[in-house]
S.K.: 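To start, I am sharing the structure in question, which I have written as structure tokens.
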2 protein chains.
Amino acid sequence: MRGAETRTEIVRTADRLFYEGGFEHTSFADIAGAVKIARGNFYYHFRSKDEILDAVIARRMQATQTLLAQWENDNPTPRARLSAFVRILEVNGDKIMRYGCPVGSLATELSKLAHAARAAAVGLFDVFVGWLAEQFRALGCADAEALALHLLMRSQGVAMLATAYRDPQFVAREMAAMEDWIDGVVPADSATP
Amino acid sequence: MRGAETRTEIVRTADRLFYEGGFEHTSFADIAGAVKIARGNFYYHFRSKDEILDAVIARRMQATQTLLAQWENDNPTPRARLSAFVRILEVNGDKIMRYGCPVGSLATELSKLAHAARAAAVGLFDVFVGWLAEQFRALGCADAEALALHLLMRSQGVAMLATAYRDPQFVAREMAAMEDWIDGVVPADSATP
DNA sequence: GTCTATATCTCGATAGAC
DNA sequence: GTCTATCGAGATATAGAC
């Protein structure tokens with residue numbers, strides 16, 4: 001494995017383990033075991049654990065933008081794109097029920113730790129908010145930003161209780177309620193451009 | 001300080017530190033420093049860190065039931081009691097913005113750790129759900145349980161984004177939206193018993 | 001019931017051979 | 001670029017004096 005590939009593999013594995021077990025709980029030994037490299041080798045690629053965290057957040061940022069571009073590509077209308085956002089609760093349902101939302105749980109952990117990377121982690125929320133607001137704006141909604149925050153808020157609330165209760169029926173019911181809410185706030189003439 | 005008082009003080013301090021810094025991040029040294037006792041003295045009162053966690057959860061359960069009884073005492077009508085629930089987002093606003101919701105963040109952390117106490121922590125949610133459902137039932141709502149879960153879900157979502165964005169205006173706006181939602185689902189004749 | 005002292009382990013991080 | 005060996009700090013937990 002070449003150097004750049006090793007680095008990528010470290011970040012990819014750390015991303016998964018930080019999500020599944022939490023940032024602080026995940027040790028270098030855990031990552032080294034999963035990547036199958038020696039612990040000491042980390043410090044050729046990263047100077048500290050915090051640097052790995054920065055790389056993980058940057059990786060997630062990249063992955064999020066790729067995901068949003070995919071949603072735009074798969075769904076021609078802004079309304080369908082909002083549904084794509086709602087459906088992540090179902091698409092990632094199993095992982096959310098065990099580990100929560102990767103963005104929300106990381107932001108909360110870093111907030112408790114008063115960690116310097118907290119703002120960067122919250123930046124992942126910003127990307128979603130900006131994208132959602134764009135869709136609401138395209139649908140002719142006033143206060144698109146507030147609507148975006150409201151939808152994200154509901155997604156976070158559902159994810160939290162999904163982690164607590166692990167009840168797919170609850171998630172399905174709340175997803176349907178989110179769709180109904182979207183239909184209620186979108187101006188009626190927005191379907192006829 | 002007598003033995004029982006020391007135990008109570010340990011649990012009270014651990015409760016706060018587990019909330020503010022997370023369960024795993026909080027060390028015995030942290031608690032000992034705050035309580036001003038020697039580290040070794042812990043093991044007279046508790047056999048392990050997990051036992052302290054059990055005691056903290058039991059303490060929170062007790063505190064929650066006391067809080068709900070207080071809300072019932074302060075608010076004669078079920079509608080006003082629901083508002084009392086909504087207002088915790090404002091009453092505990094500063095702590096939520098820094099540390100998240102104590103119930104949600106603990107449940108998520110224990111879920112990531114696959115910790116045995118996860119179910120007990122989720123039990124704190126149960127108490128809120130049961131109490132909220134009781135209020136909706138008293139107001140003549142069908143599906144009181146689903147309405148209770150929906151309100152709790154929204155409270156959790158707002159708490160999560162409050163931790164991320166630390167924006168009191170967002171919290172106030174969503175609290176108002178929660179009140180509007182309650183007024184929308186409560187049968188109109190429920191105000192005239 | 002509380003203390004000091006310490007055992008044992010694991011953590012993040014470093015040094016240096018190859 | 002990857003390895004082994006190891007450091008010092010801090011973690012949980014134990015032993016035993018008082």
Side-chain angles (χ1 to χ4, degrees), chain A residues 1-59 106 109-110 112-118 120-121, chain B residues 1-57 59 106 109-110 112-118 121:
Chain A
M1 191 155 49
R2 287 174 51 213
E5 292 172 12
T6 300
R7 195 198 135 98
T8 303
E9 191 60 21
I10 288 172
V11 177
R12 205 166 64 88
T13 303
D15 188 352
R16 179 174 61 82
L17 294 181
F18 286 178
Y19 174 37
E20 294 177 356
F23 165 65
E24 209 175 21
H25 174 256
T26 302
S27 69
F28 281 15
D30 294 331
I31 306 172
V35 180
K36 296 193 215 308
I37 57 169
R39 278 192 299 280
N41 195 5
F42 277 104
Y43 294 88
Y44 173 78
H45 300 280
F46 302 96
R47 264 174 298 176
S48 69
K49 194 179 178 184
D50 284 351
E51 267 196 13
I52 299 184
L53 176 61
D54 291 340
V56 165
I57 292 173
R59 179 192 150 87
L106 181 63
E109 181 180 1
L110 297 183
K112 280 181 195 280
L113 299 177
H115 195 286
R118 188 192 85 90
Chain B
M1 191 155 49
R2 286 175 52 212
E5 290 173 12
T6 300
R7 196 198 134 97
T8 301
E9 191 61 19
I10 289 173
V11 176
R12 204 166 67 88
T13 303
D15 188 353
R16 180 174 61 84
L17 294 181
F18 286 177
Y19 174 39
E20 294 176 356
F23 166 65
E24 209 175 21
H25 175 255
T26 301
S27 69
F28 281 13
D30 293 332
I31 306 172
V35 180
K36 298 193 214 310
I37 57 169
R39 278 193 301 280
N41 195 6
F42 277 104
Y43 295 87
Y44 174 78
H45 300 280
F46 301 96
R47 262 173 300 175
S48 69
K49 195 179 177 185
D50 285 351
E51 268 196 13
I52 298 185
L53 176 60
D54 291 340
V56 165
I57 292 173
R59 181 193 146 87
L106 181 63
E109 181 180 2
L110 297 184
K112 281 180 195 283
L113 299 178
H115 195 287
R118 188 192 85 90

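Convention: sequence-line order gives letters A, B, ...; per-chain numbering from 1. None of the values given here were measured: they were computed from a predicted structure. Reckoned from all heavy atoms, side chains included, excluding hydrogens, waters and symmetry mates.
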S.K.: With respect to the side chain of B/Lys49, which nucleotide from C/dT2, D/dA13, C/dG12 is positioned closest?
M.R.: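 Of C/dT2, D/dA13, C/dG12, D/dA13 is nearest to the side chain of B/Lys49.
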S.K.: For B/Lys112, is there an ion pair with B/Glu109 - N to carboxylate O distance below 4.0 angstrom?
M.R.: no
S.K.: Does the ring center of A/Tyr43 lie less than 6.0 Å from the ring center of A/Phe28?
M.R.: yes
S.K.: Would you tell me whether A/His25 and A/Asp30 have side-chain atoms, one donor and one acceptor, within less than 3.5 Å of each other?
M.R.: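 Their side chains do not contain a donor-acceptor pair, so the 3.5 Å distance test is not met.
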S.K.: Name the closest nucleotide to the B/Ala38 side chain, picking from C/dT2, C/dA13, C/dC3.
M.R.: C/dC3
S.K.: Does D/dT14 have OP1 or OP2 sitting under 4.0 Å from an N or O in the side chain of B/Tyr43?
M.R.: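 It does not, given that no N or O in the side chain of B/Tyr43 lies less than 4.0 Å from OP1 or OP2 of D/dT14.
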S.K.: Side chain of A/Asn41: nearest nucleotide among C/dC3, C/dC11, D/dC3?
M.R.: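 Comparing C/dC3, C/dC11, D/dC3 against the side chain of A/Asn41, the answer is D/dC3.
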S.K.: Taking 4.0 Å as the cut-off, does a side-chain nitrogen or oxygen of A/His25 come that near to OP1 or OP2 on C/dC11?
M.R.: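 It does not, given that no N or O in the side chain of A/His25 lies less than 4.0 Å from OP1 or OP2 of C/dC11.
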S.K.: For A/Thr6 and D/dT2, is the shortest distance between a side-chain N/O and OP1 or OP2 below 4.0 Å?
M.R.: yes
S.K.: Less than 4.5 Å apart, side chain to side chain, heavy atoms only: is that true for A/Phe46 and A/Arg7?
M.R.: yes
S.K.: Does A/Ser27 make a side-chain N or O approach to OP1 or OP2 of C/dC11 shorter than 4.0 Å?
M.R.: yes
S.K.: Please compare A/Thr26 and B/Gly40 by the position of their nearest nucleotide in DNA chain C and report the one closer to 5'.
M.R.: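 Nearest-nucleotide comparison on DNA chain C picks B/Gly40.
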S.K.: What's the closest nucleotide to the B/Ala29 side chain, out of D/dT12, C/dA13, D/dA11?
M.R.: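 The listed nucleotide nearest to B/Ala29's side chain is D/dA11.
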